[in-house]
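So the structure is just underneath, and the comments pick up after that.
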Amino acid sequence: MKTYIVGNWKMNLTVGESSIYLQKLLKRIKPAKGLEIAVAPSAIAIQPLRIQLDRLKSKVKLSAQNFYQKDYGAYTGEVSIMQLRGLVDYAIIGHSERRYIFGETNKDLCQKVAAALRNNVTPILCIGETENERSFGETVSVIRDQLHGALSEIDADDVKKVIIAYEPVWAISSNKNARLASPDDVAESVRLIRSELKEIYGKETAEETPILYGGSVNPNNAGAYLTVPGVNGLLIGGSSLISDHFIDIIELAKRVKS
Ligand code: PGA
């Protein structure tokens with residue numbers, strides 16, 4: 001299975017800064033077999049970065065951070081995945097900031113997963129429990145609910161095209177009291193996700209679905225997360241904004257997974 005290193009820039013970097021970052025990235029990294037590198041810039045930077053990547057015939061991929069689930073219509077201010085089709089290969093869906101700041105529900109996310117698949121964009125579905133849920137012993141039921149909720153209308157063939165990102169909300173660096181998840185914490189949740197997938201879709205799908213880890217990943221801990229059994233890559237927020245750190249993590253991934 002491929003290894004995925006995805007940088008989620010969130011609402012950071014201007015279009016100009018994004019382009020300079022990309023230029024530096026492309027100069028420094030060499031493509032490696034089995035390694036998929038993607039960045040998720042702000043929506044307004046997607047098209048210029050697409051042009052930049054195409055001009056250089058680069059294999060680096062672009063991801064949307066979000067989109068609206070309808071393909072077109074009277075939804076002022078929204079951008080659909082149909083409009084992003086051809087510009088991005090991936091779309092992050094259900095990031096905890098979308099769930100908790102913008103109130104997106106499992107039902108919305110299920111429609112988004114379906115919309116991405118129908119438009120040939122690979123969904124990166126984020127799931128993960130909050131600190132409170134974890135302290136009340138609800139981790140298993142939350143992960144189960146989020147997974148079942150977002151995939152309820154997706155059949156086994158299509159689920160194979162979905163990437164799952166396990167991102168415990170308490171470990172995401174933008175949280176005030178963020179703390180690091182241990183590799184054991186990650187291993188346990190990844191096992192749970194695969195066993196849920198197995199229950200719904202069968203063994204083959206469960207084994208073939210890529211699962212990424214995200215939450216305060218940096219060049220010092222990336223190696224430990226990448227060697228957790230069942231982890232197929234990383235979704236990186238804060239550290240991906242520093243191009244040197246992102247490049248270090250990519251280099252590390254090449255060594256660890258080769
Ligand atoms: P972080 O963010 O790496 O800054 O913790 C990860 C994410 O929110 O996807």
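Order of appearance sets the numbers: ligands from 1, and atoms from 1 within every ligand.
For ligand 1, the polar-atom distance check finds no N/O of Ser239 at less than 3.5 Å from any of the ligand's N/O atoms. Considering backbone and side-chain atoms together, Ser173 places an N or O closer than 3.5 Å to an N or O of ligand 1. For ligand 1, the polar-atom distance check against Gly215 finds no nitrogen or oxygen pair separated by under 3.5 Å.
Using a 4.0 angstrom heavy-atom cutoff, Ser174 does not count as in contact with ligand 1.
Set against the non-hydrogen atoms of Ile172, the atoms of ligand 1 under 4.0 Å away are 2 (O), 5 (O), 8 (O). Of all atoms in ligand 1, numbered sequentially from 1 with element shown, those under 4.0 Å from a heavy atom of Glu167 are 6 (C), 7 (C), 8 (O), 9 (O). Near Gly238, meaning under 4.0 Å from any of its heavy atoms, are these atoms of ligand 1: 1 (P), 3 (O), 4 (O). Shown in contact with Asn8 at under 4.0 Å from a heavy atom are these atoms of ligand 1, numbered in order with element: 9 (O). Less than 4.0 angstrom separates some heavy atom of His95 from each of these atoms of ligand 1: 7 (C), 8 (O), 9 (O).
For Glu97 and Lys10, the salt-bridge test passes: some basic side-chain N is under 4.0 Å from an acidic carboxylate O. Electrostatic pairing of Arg50 and Asp54 counts as a salt bridge here, judged by a charged N lying under 4.0 Å from a carboxylate O. At a threshold of 4.0 Å, the pair Lys254-Glu251 counts as salt-bridged, since one of the basic side-chain nitrogens sits closer than that to a carboxylate oxygen.
Using cut-offs of 30° and 60° on the angle between ring planes, the pair Tyr4 and Tyr90 is perpendicular.
The shortest side-chain heavy-atom distance between Ile211 and Arg194 falls under the 4.5 Å cut-off. At a threshold of 4.5 Å between non-hydrogen side-chain atoms, the residues Ile46 and Leu84 count as touching.
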Inset, instruction - Take Glu133 and Thr130 through the test side-chain hydrogen bond (donor to acceptor under 3.5 Å, both in side chains) and record every step on the way to the result. - result: CA-CA 5 Å; Glu133 289 162 345; Thr130 63; 3.2 Å; yes
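Among protein heavy atoms, the minimum distance from atom 3 (O) of ligand 1 is reached at Gly237 N, 2.8 Å.
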